[in-house]
> 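Just dropping this structure here.
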There are 2 protein chains.
Amino acid sequence: MAQAVRHDSMRARNLALVLGEVSRNGPVTRAALAEITGLTKTTVSKLVGDLLESGMVTESPPPADADRSRGRPGVAVRLRGDRVAALGLEINVDYLSVCVMDLTRTVRLRRTQAVDNRDSSSTDVVRNLRDLALQAVDEAAAAGLSVAGAALAVPGPVDPAQGLVHSAPNLGWGDVRPADLLDLPFPVLVDNEANLAALGELWFGSGMPDFLYVSGEIGIGAGLVFGGALFRGTRGFAGELGHVVVDPGGPDCRCGGRGCLERYAGQDALLDAAPDGLLDGLIRRLTAGDTRARAACEQAGRALGTALTSAVHLLDPGTIILGGIFAPLFPWLRGPAAEALRHIRHVVPNFAVAEAGPDAAVLGGAGQVIQQVIADPAGHMPRATAGLQT
Amino acid sequence: MAQAVRHDSMRARNLALVLGEVSRNGPVTRAALAEITGLTKTTVSKLVGDLLESGMVTESPPPADADRSRGRPGVAVRLRGDRVAALGLEINVDYLSVCVMDLTRTVRLRRTQAVDNRDSSSTDVVRNLRDLALQAVDEAAAAGLSVAGAALAVPGPVDPAQGLVHSAPNLGWGDVRPADLLDLPFPVLVDNEANLAALGELWFGSGMPDFLYVSGEIGIGAGLVFGGALFRGTRGFAGELGHVVVDPGGPDCRCGGRGCLERYAGQDALLDAAPDGLLDGLIRRLTAGDTRARAACEQAGRALGTALTSAVHLLDPGTIILGGIFAPLFPWLRGPAAEALRHIRHVVPNFAVAEAGPDAAVLGGAGQVIQQVIADPAGHMPRATAGLQT
DNA sequence: AGTATTTAGTCCACAACGTAGACTAAATCA
DNA sequence: TGATTTAGTCTACGTTGTGGACTAAATACT
């Protein structure tokens with residue numbers, strides 16, 4: 001339940017409110033902020049003063065735009081990108097990935113290391129990632145950036161509250177707590193790859209506030225973004241679209257069920273129709289009009305449409321966004337999938353390709369940490385509650 | 001986004017915090033409230049004073065329990081049930097229903113009128129309900145209760161933000177705004193029957209904070225309660241379990257899709273196996289061991305299990321609670337449904353019967369209004385912001 | 001140019017609210 | 001009866017936001 005409101009939390013909330021508006025509206029004058037937030041000019045001035053001092057924002061001497069002409073021009077306040085940063089991390093089947101992102105959500109550093117993680121122990125994999133991460137932190141520090149936190153994307157169901165990876169079958173992991181193994185000098189949030197990719201799509205893609213992001217990797221996951229925030233379910237396992245039942249009489253799935261979507265539209269099922277088992281080969285065949293490839297896509301599209309029909313009825317997402325391997329295959333999947341979705345009684349949700357690209361998960365993770373900083377600047381300010389008390 | 005925090009909203013929040021704890025913990029002393037909320041005794045005293053004055057709480061001269069012996073005994077503060085009330089309303093295919101509930105969530109009045117609403121226009125149906133409602137308000141007023149608001153349950157998808165019933169096929173309704181037609185002197189919240197029944201189960205049933213309530217009526221709906229609140233989806237249409245695809249090659253559904261759960265486990269499908277098309281007859285046959293009846297239940301149970309498998313993967317509910325027609329049929333449905341759910345990889349959710357009974361929706365609706373009053377006492381206080389200002 | 005007007009931002013006295021600790025009240029224990 | 005313990009109130013005070021006066025810096029009008 002909600003906590004008691006004291007004067008300091010009142011301050012913290014208003015600080016977050018102001019910083020949030022600065023983040024949303026780009027450079028804004030104090031006067032505009034007062035108007036938007038409903039606070040008085042005085043209060044906004046004081047709050048902005050604190051934010052300036054903490055290095056979260058700067059003033060832009062030129063007032064940026066000049067759409068109103070009369071009166072004293074205001075000084076614009078905008079996010080300051082050269083102090084606070086966040087780390088995005090990703091462990092996937094065949095690569096490790098890091099990025100450093102500043103407060104303005106600009107990527108400052110981006111590094112991917114191709115490794116086959118299937119045959120390594122979780123400890124080894126995480127150790128590798130740790131090296132990458134520490135190197136990134138050093139380089140960020142050299143640029144004056146201090147890292148406030150990190151987010152790690154993992155392919156498989158995660159309980160983000162406890163940071164527990166329940167099982168990442170494609171990595172051969174059982175219950176693992178990667179944050180403990182990483183042992184970094186700042187908090188590390190662990191979440192499912194599809195969830196963080198969905199957030200990536202939120203901030204670096206189309207930018208709509210409500211959608212279901214479908215992540216076609218080796219497994220099929222989905223992240224439901226709802227009012228700009230993730231819906232995670234009771235234990236954090238929501239969005240396992242890959243195991244929605246498409247046909248109860250269908251083939252067995254490694255999850256123990258039968259006829260799961262993954263068996264029809266997972267990477268393995270799709271790339272079966274590729275000459276070399278690679279995506280590029282499949283796309284070549286599709287463009288060449290290969291019958292078998294087209295049939296595989298049509299089957300996958302139909303299955304996807306069926307599963308999404310169930311998902312739409314249960315979750316009521318605003319839009320469906322296809323990401324991962326589904327993005328390049330969109331031209332061939334769209335038709336059959338849309339055909340199945342066409343029958344929904346109420347408003348049929350839009351259907352779109354992801355725009356954030358393959359980096360979505362790392363970017364989304366780092367973006368989530370930035371989001372947390374912006375949502376609670378008081379908790380991340382240099383000497384917020386510092387002081388010598390009894 | 002969050003609103004600015006001023007002194008008065010700080011007060012409002014702390015008032016809500018105190019009242020919420022009084023509601024959760026029953027009679028509590030001010031000292032205990034101070035401990036629970038983290039506010040000082042002084043502040044709690046002042047807040048309780050306001051709540052006393054507004055008629056939301058009373059003092060219980062006897063301190064109720066006596067588990068600690070030393071020291072001055074405190075005066076317990078508890079919700080006051082004889083001032084503020086809420087109205088629960090329901091329109092269903094063959095009845096109208098009203099209840100008056102006080103702040104302590106005690107039902108003060110309960111009235112159901114059997115009418116076949118299938119052949120009446122929405123205007124007529126709502127006019128009937130209005131009469132019932134006004135009568136209930138009068139009787140409540142006679143008992144000293146003033147109605148703070150109402151909630152109306154309707155069978156079909158509703159956009160609660162706009163109060164718009166999108167289509168209630170079983171009533172023959174198109175887009176209707178019942179709150180406008182009701183024209184009552186307090187706000188009326190309109191929501192889907194399954195959603196409000198889920199809330200009914202939350203407050204008058206098992207009392208767990210996270211579950212998926214499955215409402216088996218003519219249609220099959222579901223309400224997802226998550227941390228004590230409803231998940232509604234982008235437009236409020238989430239939880240349409242009845243149209244989750246059980247078999248893409250199955251029979252056509254009136255929703256335009258194929259093989260929806262409703263075709264296998266809806267009331268029509270189940271009561272087909274009853275001699276007179278009534279539930280009691282079906283149950284008699286089932287207890288008698290009738291083969292056809294048992295087969296119908298087994299098919300329905302299997303289909304329910306399949307649909308719930310998809311729902312569990314997408315929504316990750318804590319528990320599944322079967323309500324409506326499914327509650328009495330639970331003994332025969334449980335086996336086949338659980339069999340399908342058994343295969344889920346992660347934690348299999350519990351499976352239980354609803355305890356709130358057939359009144360769940362009206363009770364849940366009224367309870368929701370009470371919830372709103374408790375969550376914002378300042379907004380419902382007699383002369384909260386009254387005063388003569390410029 | 002010079003003055004009026006407009007808008008931005010700051011200053012200051014004040015009000016609202018919660019806090020800390022002294023103080024009073026009412027019970028039990030010795 | 002008096003010490004102890006716990007509940008609740010009272011008072012001086014600190015923090016935070018407010019409202020309006022005031023200063024600053026631009027354009028518009030004459």
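Naming convention: chains lettered A, B, ... in sequence-line order (proteins, then strands); numbering from 1 in each chain. Keep in mind that what you see is a predicted model, and the values were worked out from it rather than measured.
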> Atom CD of A:Glu59 and atom C1' of C:dG9: how far apart are they, to the nearest Å?
10 Å
> Angle between the two end axes of the helix from C:dA1-D:dT30 to C:dA30-D:dT1, five base pairs per end, rounded to 10 degrees?
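The angle, to the nearest 10 degrees, is 10°.
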> I'd like to know if the side chain of A:Asn14 and the backbone of B:Ala4 have a donor-acceptor N/O pair within less than 3.5 Å.
no
> Could you tell me how far apart B:Lys46 (NZ) and D:dA12 (C1') are, to the nearest whole angstrom?
12 Å
> Quick check: closest heavy atoms across A:Ala375 and A:Ala16, and the distance to 0.1 Å?
O-CB, 3.4 Å
> In whole angstroms, how far is the P atom of C:dA16 from the CZ atom of B:Arg6?
14 Å
> I need the CG-C1' distance between A:Leu51 and C:dG9, as an integer number of Å.
16 Å
> Closest-nucleotide mapping onto DNA chain D: is B:Lys41 or A:Met10 further toward the 5' terminus? I mean the 5' end.
B:Lys41
> May I have the distance from B:Asp50 (atom CG) to D:dT9 (atom P), rounded to whole angstrom?
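Interatomic distance, CG of B:Asp50 to P of D:dT9: 13 Å.
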> Just N and O in the side chain of A:Thr43: are any of them under 4.0 Å from OP1 or OP2 of D:dT18?
yes
> Taking the six-membered ring for Trp, is the centroid-to-centroid distance between A:Phe211 and A:Phe226 below 6.0 Å?
no
> Given D:dG8, C:dA27, C:dT28, identify the nucleotide with an atom nearest to the side chain of B:Arg70.
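Given the options D:dG8, C:dA27, C:dT28, the side chain of B:Arg70 is closest to C:dT28.
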> To the nearest 0.5 Å, how far apart are CD in B:Glu201 and OG in B:Ser206?
4.5 Å
> Please determine if A:Arg235 and A:Asp159 form a salt bridge, counting it only when a charged side-chain N lies under 4.0 Å from a carboxylate O.
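Result for this pair is no, no salt bridge flagged.
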> Between C:dT7 atom P and A:Glu35 atom CD, what is the distance in whole Å?
11 Å
> Taking 4.0 angstrom as the limit, do A:Asp102 and A:Arg83 come out as a salt bridge?
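Looking at A:Asp102 and A:Arg83, the cut-off is not met.
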> Rounded to whole angstrom units, what separation is found between the CZ atom of A:Arg11 and the P atom of D:dG14?
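In whole Å, D:dG14 P and A:Arg11 CZ are 17 Å from each other.
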> Check the distance between C:dC17's C1' and A:Asp8's CG and give it to me in whole angstrom.
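Atom CG in A:Asp8 sits about 13 Å away from atom C1' in C:dC17.
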> Let me spell it out: for each of B:Arg72 and B:His7, pick the nucleotide of DNA chain D with the closest heavy atom. Which residue's pick is nearer the 5' end?
B:Arg72
> By nearest heavy atom, map B:Gly71 and A:Ala31 onto DNA chain C; which one lands nearer the 5' end?
A:Ala31
> Which nucleotide in the list C:dA20, C:dT10, D:dT18 gets nearest to the side chain of A:Arg30?
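Out of C:dA20, C:dT10, D:dT18, the nucleotide with an atom closest to A:Arg30's side chain is C:dT10.
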> Within less than 4.0 Å of OP1 or OP2 of C:dG18, is there a side-chain N or O belonging to B:Asn14?
yes
> Would you please classify the geometry between the B:His7 ring and the A:His7 ring as parallel, tilted or perpendicular, with 30° and 60° separating the classes?
perpendicular
> Under the 3.5 angstrom rule, does the side chain of A:Thr234 hit a backbone N or O of B:Asp316 as a donor-acceptor pair?
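Yes.
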> I'd like to know if B:Ser9 reaches the base of D:dG17 with its side chain, counting only an N/O donor and acceptor under 3.5 Å.
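Such a pair does not exist between side chain and base.
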> Can you find an N or O donor on one side and an acceptor on the other, under 3.5 Å apart, linking the side chain of B:Thr42 with the base of D:dG8?
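When only heavy-atom distances are counted, B:Thr42 does not reach the base of D:dG8 through any donor-acceptor pair under 3.5 Å.
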> Check every atom of C:dA20, C:dC17, D:dG8 against the side chain of B:Thr40 and return the nucleotide holding the closest atom.
C:dA20
